[in-house]
Amino acid sequence: MSVAAELAARNRERFEGFPEPLLEAYEAGLRALEARLTPTRLENWSRGGLDLMAVSLRSWESAAEYFRAGPRIPEAAPWETWEQLAGEAASLTEQSAPLAVSFLRSAPETLALVGPNHLAQWADLGRRLYKGNWKSSSLAAQFYDAGPELFAAIRMSQAGRLTLFLDELARHSYELAAACLASAPEVLGRLDGADRAPFLTFGVELAQSSWADSRLYFDRGVALLQRVHAPVRERYLLLAARVARDHSRSAFQYFEDGAAALGEVEPDAHGPVIELAEQLAPHSAYAAMDFIGNSPAVLEKVRIDELPAWQAAGLGILAASREGGEAYFRLQSSRGEEVLDTLSARVELARVGEVLRLYAKALTGRDISIHAAAVLAEKGIGWVDEERASTEGTTIFLPEVMERHRDKDENFAAMKVFATHQAAHLEFESFAFSFERPSALFEDLRPTLPERGEARPATEIERFFDLFPDRALASDLHEIAEDARIDAAIKRAYAGIRGPLGRMQREELARRPEVSELPLRQAFVENLVRVSLDGAGAVRWPAGRAEPMAGGVAILQRLTAAGATAEDAAEAALRLYRLAIGIRNERDESEDDWDALPEFDEQSLDLDLSGLGGDGPPMELGEAPEGESEYESPQEIDFRGEFKPELVQLLMKLRDGAEQGDAGRISPEQLTEEQLRELLEKSAEIDLDALLEGDLQQTTGMFLSNLLKEAGTPALDSDAQSDQPLSDLSTGADEGEEPLAPVVTTYYYDEWDFRAQDYKPRWCAVKETALEEGGEEFYEETLREYASLVSQTRKQFELMKPELFRKIKRLSDGEDVELDPAIEWMIDIRTGVSPTEKIYWRRNKVERDVAIAFLLDMSASTDEEIARRDQQYDDAGDDPRKYLSWWVTKRRQELAAPPKRIIDLEKEATVLLITALETIGDDYGIYGFSGYGRDNVEFYVIKDFEERFGEATKRRIDKVTPIRSTRMGPAIRHAIHKLSATEAKVRILVLLSDGRPQDHGYGRDRTEKEYAIHDTRQALNEARREGITPFALTVDRAGHDYLKTMCEDMGYEVVGDIESLPRRLPALYRRLTE
Amino acid sequence: MLAAEEFTVREEPYYLPLGDEIELFEAAFRQRIPVLLKGPTGCGKTRFVEYMSYRLGQPVTRISQGGDGPGEAGPRPFVTVACHEDLTASDLVGRYLLDTDGTRWIDGPLTRAVKHGAICYLDEVVEARKDTTVLIHPLTDYRRLLPIEKLGQVVEAADGFLLVISYNPGYQSALKDLKHSTRQRFISVEFTYPSREQEAEIITHESGVDMAVSIELAKLGEKVRNLKEHGLGEGVSTRLLIYAGRLIERGIAPRRAAQVAVTWALTDDLDVQRSIEEVVTSIFE
């Protein structure tokens, strides 16, 4: 009999009363292990199982599992492991049999993964999760069950952290912990080995501070973390953990934002960014995380090597004031933006456009707009480059950003040179070229040349270019000549720009291609470009054939003279063309050295300059000979941008037509479509392939319609005025079918953050719209209801009407001597007393010059009914019958006259005030405000300042209804904006509210009051600074507490008896303005 | 007590004629037609009246005097009153003052000018109270009378009296427009900014700087005036350019001089300041 069989037989009776499978498992185990274990050990193993059976009522289950596990235990496991397993099983079974079952079930596989040494550790981890209740037992069981899967992914030390995390989570929710555990193998498996521990460490912190986010973290954390550059992930997580340690609910949010932000930053920059953030962390973990979160936005503006400077400035603020520093790194402080601006060396057109616009206007005396070059390219009217500066006659187009230098001033100077060059085209009349107008410096050749074009040319400059067989060459030469003239004119007229322009020319010269490698004609043109850049010294030309080159240089240099005109440039281009076309466009094969040009006596070149026409037969301008290399235009010059005189002249002509009422169509006297088509096809300025794709017919059609559209809107400037509010007119395409949506105009205002002691720039969007119109009944009804009060108010206000002149007495100087003091004066003199000098009177003109803005709180709380005092519940006493009859009466009354709400009284007060104001003739505006959140402060116009009181006003009052929150600051700021536009001497802002300012995000949370109150106070202060008298009126009886802070030394009043509001308001107004 | 200056112009003021304004003024003076000078601030209106006062004080031609040197005409008295919004009729006409023996009548500047046959120049006349028009009307038509209500007198203007008023259409508010009944009693001479060359000449003369600098200053003036209505209420005056010239003459760097005399003097709007600043740095090295 084998050892196994003997053991089985010996112990059979102990299985009495246990389910059959137990014995089966036992016997199977024995059979399987017989070969592996010595008889003693087999017996020991068997005893271990049998002991388990005896532990408790259900312990046989764990014993069964024990027997089943035995054969699966890895071969390599030493005997100690067997014993250990039995010991752990026993102790677990004592705690909970199901726990032991799970443990034993996955123990063999887990052992294979973690090795025998870690068995105890693993058992302990599970035990830690077990708290004695069934939920914890099932979590711990789940932990054991997951063993094989888990340890396929992670190591034991990491499992330790996971357990910590689960343990922490389980304190709040077992379900959550279970879910996290379930996904743990998969989630952790996706992470790099080195990242797992830190990932879990942060998880623990997160579970402590905001456990509810743990699920999110487990779901999304890995993907997020992987956006962070691998070497710094751990450091990043440590930073994020600091926020969590601060008991912040938003730790996950910070983690998510930061990781997302880093994803947008170059991986190489992660290290420096994290390092800088680590320096901030000791002061404020939030600042550190915000710094990371906003790093993409900041790096938009500054280069990575400038980031430390920006961080250092913020660190200084942070060290002094935590709140201020945090706002700085949240990018919610003006100071932060300033520092950013100073640091950022690049110049953005959006920021300097307005300055350059006025600058260009000053230079040219014309209404110039400034736009980004991309705008011009989008128009599809011949310009395609989105980067290069240009002009189309009314607008100067500049590159969107200038970042060629490391210094902001230099970048601005560069932008200014760009703008100046374009403005100079307008100032020095590049586009006013006239074919017939004589030039100033040359003998005119234009009239002597045969005109080649068949159709009547559309523009003067087109007629000029028609003279040339090779338009591309002519266009290049003309551009060089004209630019040479323009640059010279700029240098002559603007000494201050000479330096930067010269510098730019030198930079450009340094960038020019090697001239000796070009075919000769191109080399000739290239040399001309160099001359035009004031670089005559940089000309290189084969020594043996210097003459044409010297001629070209001399022609070009003549254009730098004072008084050179666009016609001179044209004449120069003609001569240059003749010289250029005479040079074959082939590489120089001669042995000549490419030298600087020798000195030439201009006299000796005279023939080329003026003798071209002469008395002989009319000269033909030559054509490029066959068989040479194809001519290519010279390399572009950055600061000069694109010069398209043909298109500009065409546009100008179309615009003139449009202004004369031919908008959008071509009048036959002006231009024919044929002419346009022809121009389009032959002009060297338009690269049709680049302009639009598709077949030529379609392209030209599109181009033409674009051009006409452009010309139909003469100024292009409708949106250039930066101080204009942005309007989103939602008129839609199907006009007329629906009533027009109300016009909403959006304004942006700063908001005061009292903690940071700084404004949050452009924080609130105030949306102004006219209030909907209702019926007039409310207005009329109110007048009837308060008939006596109305007439009384009117009378009072009529008394306030100023007399035009008021006599002021006892002045030391005036119109005339006043009798009484004069007599006194005489008496004083006679009696030897020193007399008073004040014996004159004068009439002083008294002008009543008052404007008042009236701000109505339309927050939801104004919906509250006003309990009438005479209808208190306690009137009825305790007698239920009395109460019933009281209630019935009350209901009846309410049905007859519904109870008034605060808003109703506000409305009535407004009606009364209007009658008063109309009597006295003061300028006034009535506005309501409400909204929700900083992006949506609604500002309703009931009556605007310049608007006249009328039926519409009456109807709008009817629609004053409670809406949402009360963000007072921006509403006040907008009212200030309105008041400032009036010219009155006395300006008043009355704020009528029913409670404290309150809004979503108006403070750290909904319950915080200080932030809102401080911002409101700051807004009221701003009003005072503008010379406006602010006055706050509230019907909130508790108003005294916060009004004291809010208004400090400004006027305020709490109207205790709400129903007296309609009476109080006019009286108050009288007091304020008398 | 009263913004009035009264003096006789003894030295020839510098004035560079820009058009035919001298001939016009002379003719008007001979015909005793009141003159209205229109034009922006600081373009030389006051200087022009001063100059004319001097010039008209000089004998017109020596020949008519028989070659005996300056004739009896002598220097012509000249009265300027800068009008302000509280200027009343009695400020112009006169008032009673008290002294030890009772009251004494003191003539106002207008009365003195009327009596002495001076040129009376009311600067920025629309600023004055409307009651002054009561005085202006009888003085400016064929009657040439000044009623002095308080004395019960009517003073007839002496022969050389001429009323000259100035008016800046650009800068007053809509409320303060000159009424037609007043306006149509004057011939109207328009002043504009001088051309670049003329302005440079004036700057050089008044400040002593080189013509080269003056040309640049005049160029600056011209460019800045392009911004009128676009951020600037009023273009830069010749007077300010002269100030800049004077500062340069005293050794201030041109850019700095232009900054204080032009950029900052003109506007408080930062954007506009910056733009002007850019024009300045473009023009001056």
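This is a predicted model, so every value here is computed, not measured. Just so it is clear: chains get the letters A, B, ... in the order the sequence lines come, proteins before strands, and each one is counted from 1.
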>> With chain B as the partner, which of A:R498, A:E427, A:M826, A:K416 has the greatest number of non-hydrogen pairs under 4.5 Å?
In response: A:K416
>> Which one wins on heavy-atom pair count under 4.5 Å against chain B: A:V352, A:L356, A:V817, A:V355?
In response: A:V355
>> So for A:I490, is it side chain, backbone, both, or neither that comes closer than 4.5 Å to the heavy atoms of chain B?
In response: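 It is neither, since no heavy atom gets under 4.5 Å.
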> Quick one: what part of A:A360 sits under 4.5 Å from any heavy atom of chain B, side chain, backbone, both or neither?
Replying inline: neither
Would you find more than 12 non-hydrogen atoms of other residues, nucleotides or ligands less than 6.0 Å from [X] atom [atom1]?
X       : atom1 : value
B:R250  : CZ    : no
A:R1025 : CZ    : yes
A:K838  : NZ    : no

> Between B:K223 (side chain) and A:L363 (backbone), is there a donor-acceptor pair under 3.5 Å?
Replying inline: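 Such a contact is found between B:K223 side chain and A:L363 backbone.
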> Are B:K219 and A:Y494 in a cation-pi contact, defined as NZ or CZ under 6.0 Å from the six-membered ring centre and within 45° of the axis?
Replying inline: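 Positive - B:K219 is close enough to the ring of A:Y494 and near enough to its axis.
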> Could B:R274 and A:F412 be counted as a cation-pi pair, given that NZ or CZ must be under 6.0 Å from the ring centre and within 45° of the axis?
Replying inline: yes
> What pair of heavy atoms forms the shortest contact from A:Y840 to B:Y96, and how long is it?
Replying inline: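 Scanning both residues, the minimum pair turns out to be OH-O, 3.6 Å.
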> At their closest point, which heavy atom of A:A362 faces which heavy atom of B:V279, and how far apart are they?
Replying inline: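 Of all heavy-atom pairs spanning A:A362 and B:V279, the closest is CB-CG2, 3.7 Å.
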> Where does B:S90 contact chain A at under 4.5 Å (heavy atoms): side chain, backbone, both or neither?
Replying inline: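 Side chain of B:S90 only, per the 4.5 Å heavy-atom cut-off to chain A.
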>> Quick check on B:E216 against chain A: is it the side chain, the backbone, both or neither that has a heavy atom closer than 4.5 Å?
In response: side chain
> To the nearest 0.5 Å, how far apart are CG in A:L358 and CD1 in B:I276?
Replying inline: 8.5 Å
> Under 4.5 Å between any side-chain heavy atoms of B:T281 and A:Y359, yes or no?
Replying inline: no
